[in-house]
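Worksheet for the structure shown next.
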Amino acid sequence: MVAKDLIWGDRQRHLVEQLQQQGIVDARVLKQIQTVPRHQFVIRPWLNHAYDNTALPLEYGQTISQPYIVAHMTQLLLAGQSLLKVLEIGTGSGYQTAILANLVKTVYTVERIKILLDKAKQQWQQLALNNIYAKCDDGYLGWQAHAPFDGMLVTAAASEIPEHLVAQLALNGRLVIPVGQAYHQELLLITKTPQGLQRQFIEPVSFVPLMKGLDTE
Ligand code: SAH
C-alpha cells in the first residue's frame, strides 16, 4: 500500500513536470494534479497508465480527458481568481469535477449517463468532497435552478455554443468549451461582457461529442 502510494506520487510529480513544460503555470492547478488520485477515476485495464498525459477510455465509449487539457481548461476557467459557483457539463469519470471541487466553493455537474455519474459520486465520497452537486440530465440545458454561474466548463464538444449555458452565465463569467465537429474542435474561452460575448480561440482539441437528450440505453 505504502510502496504503491510512493509509485503514484512519483508518477504524479513527473506528470506535473510535463504540464509545466506545456505551459501550465497556475500553482493551484498544478497542486491538484499532484494530489488528486487520477488512478481512482480510470477503469481497471488502464490503471497502469493513470498518470500518462493522455486521454483514456471509460465505459460507454466515453473518455477521461487528457491531464494537460484538464489542467489547461481549469487554468483558463479560474484566470487566477477565486470562483464561487461553477457548472461542469459532462462529468464522465468525475476527475475534472474533483479538481474543481478543491479550487472553487461549489461545483454543479451534469452527466447524461447515470452509471458513470453513480461511479463518480462514489469516488468523491471516498475523497470526502462534499461541495459537489450532481444530476443526471441533458447538459445542453445547463442547471437553471442554480444559475447564474461564475464559470462553466464543458468537457464534451458542441457543434455550437449552447444558448442555455450562455443564458445561465453570470456577467463577466467565463465559459470554457470545445466547439466543432466530431473529434476536431476548437477550445474556446467565452467571456460574457456587458457588450456581449467575447470569444477567444485557445487551441485545437479532440473531445467526444456533446449528445442531445438523456442516455436511454
Ligand atoms: N471530464 C470528464 C470527461 C468525460 S467525456 C472526465 O475527464 O472524465 C464527456 C462526458 O460528457 C461523457 O461522460 C458523456 O456521457 C457526457 N455527455 C455528453 N453529452 C452530454 C450531455 N448532453 N449532457 C451531459 N453530459 C453529456
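Computed from a predicted model, the values in this text were never measured in an experiment. Remember, it's 1-based here, ligands and their atoms both numbered in the order they're listed.
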Which atoms of ligand 1 have any heavy atom of [X] under 4.0 Å away?
| X | value |
| --- | --- |
| D137 | 23 (N), 24 (C) |
| G139 | 21 (C), 22 (N), 23 (N), 24 (C) |
| P209 | 18 (C) |
| V110 | 24 (C), 25 (N) |
| G92 | 4 (C), 8 (O), 13 (O) |
| I64 | 6 (C), 7 (O), 8 (O) |
| V208 | 5 (S), 9 (C) |
| L116 | 13 (O) |

Determine, using the 4.5 Å side-chain heavy-atom cutoff (strictly less than), whether L77 and L169 are members of one ILVMFWY cluster.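 No, it is not one cluster - the side chains of L77 and L169 are not joined through contacts under 4.5 Å.
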
For residues T91 and A120, report the shortest heavy-atom separation together with the two atoms involved. CG2-CB, 4.2 Å

Which heavy atom of the protein is the closest neighbour of [atom], given with residue, atom name and distance?
| atom | answer |
| --- | --- |
| atom 7 (O) of ligand 1 | S65 N, 3.0 Å |
| atom 22 (N) of ligand 1 | M211 O, 2.5 Å |
| atom 15 (O) of ligand 1 | E111 OE2, 2.6 Å |
| atom 25 (N) of ligand 1 | R112 N, 3.3 Å |
| atom 6 (C) of ligand 1 | S93 OG, 3.6 Å |
| atom 11 (O) of ligand 1 | G90 CA, 3.2 Å |
| atom 4 (C) of ligand 1 | T63 O, 3.0 Å |

Angle between ring planes, H146 versus W143, binned at 30° and 60°: parallel, tilted or perpendicular?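 Ring orientation of H146 relative to W143: perpendicular.
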
Would you call the rings of F149 and Y108 parallel, tilted or perpendicular, taking 30° and 60° as the class edges?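 Because their plane-to-plane angle is over 60°, the rings of F149 and Y108 count as perpendicular.
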
Let's go through Y140 and H164 carefully: what are the C-alpha distance in whole Å and the side-chain angles of both, what is the deciding distance for ring pair (Phe, Tyr, Trp, His ring centres under 6.0 Å) to 0.1 Å, and is it a yes or a no? CA-CA 7 Å; Y140 260 106; H164 291 288; 8.7 Å; no

Count the heavy atoms of every other residue, nucleotide or ligand shown that sit under 6.0 Å from CD of E160, and state whether that count exceeds 12.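 Counting other residues, nucleotides and ligands, CD of E160 exceeds 12 neighbours.
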
Using a cut-off of 6.0 Å, state whether more than 12 heavy atoms not belonging to Q125 lie near its atom CD. no

Report the part of [X] (side chain from C-beta onward, or backbone N, CA, C, O) that has a heavy atom under 4.0 Å from ligand 1; answer both or neither where that applies.
| X | result |
| --- | --- |
| D138 | both |
| Q62 | side chain |
| V70 | neither |

Heavy-atom contact under 4.0 Å between A55 and ligand 1? no

In this structure, does ligand 1 have an atom that sits under 4.0 Å from one of the heavy atoms of T97? no

Do L58 and K119 have side chains that approach each other closer than 4.5 Å (heavy atoms only, starting at C-beta)?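 Of all side-chain heavy-atom pairs linking K119 with L58, none is under 4.5 Å.
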
Shortest reach to atom 2 (C) of ligand 1 by a heavy atom, considering only I113, V154, L153, T91: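 Selected option, by shortest heavy-atom distance: T91.
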
Point-to-point distance, once rounded to the nearest 0.5 Å, from CG of N102 to CD1 of I132: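 Reported to 0.5 Å precision, the distance equals 8.0 Å.
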
Mind checking the CG-CZ spacing from L56 to F41? Nearest 0.5 Å is all I need.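 L56 CG to F41 CZ: 13.5 Å, rounded to 0.5 Å.
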
Evaluate T155 for polar contact with ligand 1, using N/O atom pairs at a separation under 3.5 Å.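 Yes; the residue has a nitrogen or oxygen that sits under 3.5 Å from a nitrogen or oxygen of the ligand.
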
Between ligand 1 and Q96, is the shortest N or O to N or O distance under 3.5 Å? no

Do any N or O atoms from the side chain of D150 and from the backbone of L84 form a donor-acceptor pair under 3.5 angstrom? yes

So, does N53 use its side chain to make a donor-acceptor pair with the main chain of Y68 at under 3.5 Å? yes

I'd like to know whether I177 forms a side chain to side chain contact (heavy atoms under 4.5 Å, CB included) with M152, so could you lay out the CA-CA distance, the side-chain angles of the two residues, the decisive distance to 0.1 Å, and finally the verdict. CA-CA 8 Å; I177 182 170; M152 293 181 183; over 6 Å; no

Going through the distances and angles, do W124 and T109 end up as a side chain to side chain contact (heavy atoms under 4.5 Å, CB included)? CA-CA 12 Å; W124 303 329; T109 185; 3.7 Å; yes

